[in-house]
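One structure is given here, and the rest of the page talks about it.
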Amino acid sequence: MPSFELGKDPALTDGLYSLLKRRGFFWPSYEIYGGIAGFYDLGPMGSLLRENIEKVWKDIFIVSEDYLLVDCPSITPEIAFRSSGHLEKFSDQLTRCIDCHTPFRADHLLEGYVDAPDLFSPQELETALRENGIKCPSCGSELGPLEEFNLMFRTSIGPGGEKTAYLRPETAQSIFMDFSLLYRMNRERMPFGVAQIGKGFRNEISPRQGILRLREFHMAEGEFFFDPEVPDFPPFERFKDSNVRLIPNNDPSSTKEMTLGDAVERGLICSEVLAYHMGLTRSFACEIGIPIEHMRFRQHLASEMAHYARDCWDLEVELSSGWIEMVGIADRSAYDLNQHSTGSGEEMTAKRLLSEPVQRSVTRIEADLKVLGPIFRGNAGKIARELICMDASGIRSIKDKGEPVIVELPDGSVHKVPTEAVIISEVEEKVSIEKYTPHVVEPSFGIDRLMAAVIEHAYTEMEKSPLKGSDEEEMGPYRVLRFDPRISPIKCGVFPLMNRDGLPEIAKTLLSDLKKIGLITYYDHSGSIGRRYARMDEIGTPFSITIDYESKEDHAATIRSRDTAEQIRVPIIDVPSKVLELMDRYKKE
RNA sequence: GCGGAUGUGGUCUAGCUCGGUAGGACCGUAGCUUCCCAAGCUACUUGCCCGGGUUCAAAUCCCGGCAUCCGCACCA
């Protein structure tokens, strides 16, 4: 059966994208007003397809891997992104040529002149541009002043709009902010994962390539928290021998094939935890129907890796438009938790049991509330709390000099605490628990891109059907979307061969039996039977059931398979279970 | 953002040079047909990207905007 090969002939996907609109997968949003780049509507088929892809994702991350599922808001107050670094990181400083108006990223212009310009502040950039005498690379003219372009959509909360907020560019941050709660919900056991499926928003400068680069997109993210001092990750055993294609960043021009186990041993992949999630990602992609030959993992170049990332690998899938990133799997170390911990003042740590409890003597500060109370009244408790957190040796030397201890409260007020209120003692302490900030590995899935990949790889064009008089000149090729039945938007079509003589009644009874077991169905009585099959093939419905005149006598129906066009005759009463069985069997083949 | 190309029913397109009723095919809908792989027959629905200008008259010419595609730039 002739099918086309992706990447070999992009012209073959031409017909695909009109099919997708015609049959209700997706199309550009706000078309009646001319459309806006970077936004797409998912139609009836696209919505079901996306939901099914997410279902498979949940089967892996929530059901098999026990990730905790959360669902947090898209609108996020500014402070959160100040801590996370997005306010800076997602703002590019642009400068424009005063003659040709071409915009450039200021830090890119400084590559090669200074070290790590991406970490520079706007002022530093401005100075560096001037000191190095940088001119417009395309025409040589002077460059204008810096402009800020933030990739986050800005909005405000409440009336008056004084509270600035942004639409989240990734779902991850909420998970970090909720870390302590989630850690407790997991009963303080490590390691554990948290997952979120939702929308992300990025105000891309110039979205292209249709649904592959959106300003509002679906993402499924996992955050896997673990103890960085535990090098082994036993579950990794499962993927140790999985073969993968890798493009390591020390040699970006060649693809290497090896097992994930080897890659960790050779130090290409930084940890077993990261490699494990690459394995998970690969099996997820396989399950939704992306062929393994069209997958590879590419390591971020040192220059494109975010400054907090220890290591980062992208799953890329080959499409008609080339190799496209689908999933980013990053080791973000303790960066995010540290940022939010510092930003909010909340402790974000996990506890680790020391293998041997440690005896040590500790200098402890106590506050004598009997003294503090009468002096400071309402503030006494706060001062005491602040006092016992201060550096013990420093306090001791102050106390030894007989000077009062200066305590500053979070509200900014400063208080002089008399020496006699400060008690310093040496205690022997048995420490059996140690606190640490967990590291995190983040697999982040672009659902819309994966959906496009699934569609392209399920797409098959065939020579026209051999029988009857269809005319390929007019019809174009015969098109089939060969989805895995698990992700097909519609699971089965139900057709009366003729729209009369009691056939519709039989078909509708069967239809409701299929609905009862939760299958999404499609009833169709219009057009010839072949046309109805063709409609189902175009939306990737794996099974079509036809009630014919014989059904009235033998109470049986035919089930026709999308991929083979084969038909089997099954008693009507057994059709629902037979369909489930066929769906299940498809997976294993 | 820049340069180039493009924009006609749901889809693909003819018409634009040379202004004068917008045409086809597919898809879709209803009906006929014992109809199992886009068959046939009948009927039907749906359109000139938006705004302005020139003109008696604009899909067509001019200006502006928007969008798409390609290249540059940008980005995951």
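For the numbers below, each heavy atom of this structure counts, side chains included, while hydrogens, waters and symmetry mates do not. Just so it is clear: chains get the letters A, B, ... in the order the sequence lines come, proteins before strands, and each one is counted from 1.
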Answer with yes or no after comparing the ring centroid distance for [X] and [Y] against a 6.0 Å cut-off, counting only values under it.
X      : Y      : value
A:H525 : A:F495 : no
A:W27  : A:Y40  : no
A:F217 : A:F201 : no

What are the atom names and distances for every N/O pair under 3.5 Å that joins the protein to nucleotides 41-46 of chain B?
none

Using the [atom1] atoms only, state how far [M] lies from [N], rounded to an integer number of Å.
N      : M      : atom1 : result
B:rC27 : B:rC62 : C1'   : 37 Å
B:rC18 : B:rA59 : C1'   : 15 Å
B:rC26 : B:rA38 : C1'   : 10 Å
B:rC61 : B:rG15 : P     : 13 Å
B:rG10 : B:rG64 : P     : 29 Å
B:rU17 : B:rU60 : P     : 10 Å
B:rG19 : B:rU11 : P     : 30 Å
B:rC35 : B:rA39 : C1'   : 9 Å

For atom [atom1] of [X] and atom [atom2] of [N], their distance in whole Å:
X      : N      : atom1 : atom2 : value
A:D524 : B:rA38 : CG    : C1'   : 12 Å
A:I329 : B:rA76 : CD1   : P     : 17 Å
A:R215 : B:rA67 : CZ    : C1'   : 12 Å
A:F217 : B:rA76 : CZ    : P     : 11 Å
A:M152 : B:rA76 : CE    : C1'   : 16 Å
A:F445 : B:rA76 : CZ    : P     : 19 Å
A:E325 : B:rA76 : CD    : P     : 9 Å

Using a 4.0 Å heavy-atom cut-off across all strands, classify [X] as base, sugar-phosphate, or nothing.
X      : value
A:E204 : sugar-phosphate
A:E550 : nothing
A:G210 : sugar-phosphate
A:D501 : nothing
A:R298 : base
A:R202 : sugar-phosphate
A:D314 : base

Of all the choices, [options], which nucleotide is nearest to the side chain of [X] once you look at every atom?
X      : options                : value
A:Y478 : B:rC37, B:rA76, B:rU29 : B:rC37
A:A37  : B:rC27, B:rA67, B:rC36 : B:rA67
A:T558 : B:rC37, B:rC27, B:rC36 : B:rC36
A:H525 : B:rU34, B:rU29, B:rA30 : B:rA30
A:R500 : B:rU34, B:rG28, B:rC37 : B:rU34

With distance as the sole test, does [X] use its side chain to make a donor-acceptor pair with the main-chain N or O of [Y] at under 3.5 Å?
X      : Y      : result
A:S561 : A:T564 : no
A:Q196 : A:C72  : yes
A:R562 : A:G540 : yes
A:T509 : A:E505 : yes

If only side-chain N and O atoms of [X] are considered, is one of them under 4.0 Å from the OP1 or OP2 phosphate oxygen of [N]?
X      : N      : result
A:R532 : B:rC36 : no
A:S528 : B:rA39 : yes
A:R479 : B:rC27 : no
A:S526 : B:rU29 : yes
A:R531 : B:rA39 : yes

Look through every strand shown and name the nucleotide pairing with [N] as Watson-Crick or G-U wobble, where both distances are under 3.5 Å.
N      : answer
B:rU6  : B:rA67
B:rC44 : B:rG28
B:rU17 : none
B:rA59 : none
B:rA38 : none
B:rG1  : B:rC72

Q) Cut-off 3.5 Å, side chains only: do A:S84 and A:Q339 have a donor facing an acceptor? A)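 Checked: A:S84/A:Q339 side chains show no N/O donor-acceptor pair below 3.5 Å.
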
Q. Between A:Y586 and A:D563, do the side chains contain an N or O donor and an N or O acceptor separated by less than 3.5 Å?
A.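 Yes.
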
(Q) My understanding is that only residues two or more places apart in sequence, or in another chain, count here; which of them pass ring-ring contact (aromatic ring centres under 6.0 Å, His included) with A:Y276? (A)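 A:Y276: ring-ring contact (aromatic ring centres under 6.0 Å, His included) contacts with A:F233, A:F239.
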
Report yes if a donor N or O on one partner sits less than 3.5 Å from an acceptor N or O on the other, where the partners are the side chain of [X] and the base of [N]; otherwise report no.
X      : N      : result
A:Q209 : B:rA76 : no
A:R213 : B:rC74 : yes
A:Y533 : B:rC36 : yes

Q | A:K199, A:H218, A:E221 screened by side chain to side chain donor-acceptor pair (under 3.5 Å) with A:T171, the one that passes | A |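 Answer after filtering A:K199, A:H218, A:E221: A:E221.
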
Q. Honestly, is A:R560 close enough over A:Y533, meaning NZ or CZ under 6.0 Å from the six-membered ring centre and within 45° of the axis?
A.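 The answer is yes; both the distance and angle limits are met.
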
Q: May I ask you to check if A:R298 and A:W323 form a cation-pi contact, with NZ or CZ under 6.0 angstrom from the six-membered ring centre and within 45° of the axis?
A: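 The answer is no; the distance or angle limit is not met.
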
Below 3.5 Å is the cut-off: list the nitrogen or oxygen pairs between protein and nucleotides 11-15 of chain B, distance only.
residue: B:rU11; atom: OP1; partner: A:K21; partner atom: NZ; Å: 2.5
residue: B:rU11; atom: O2'; partner: A:S18; partner atom: OG; Å: 3.4

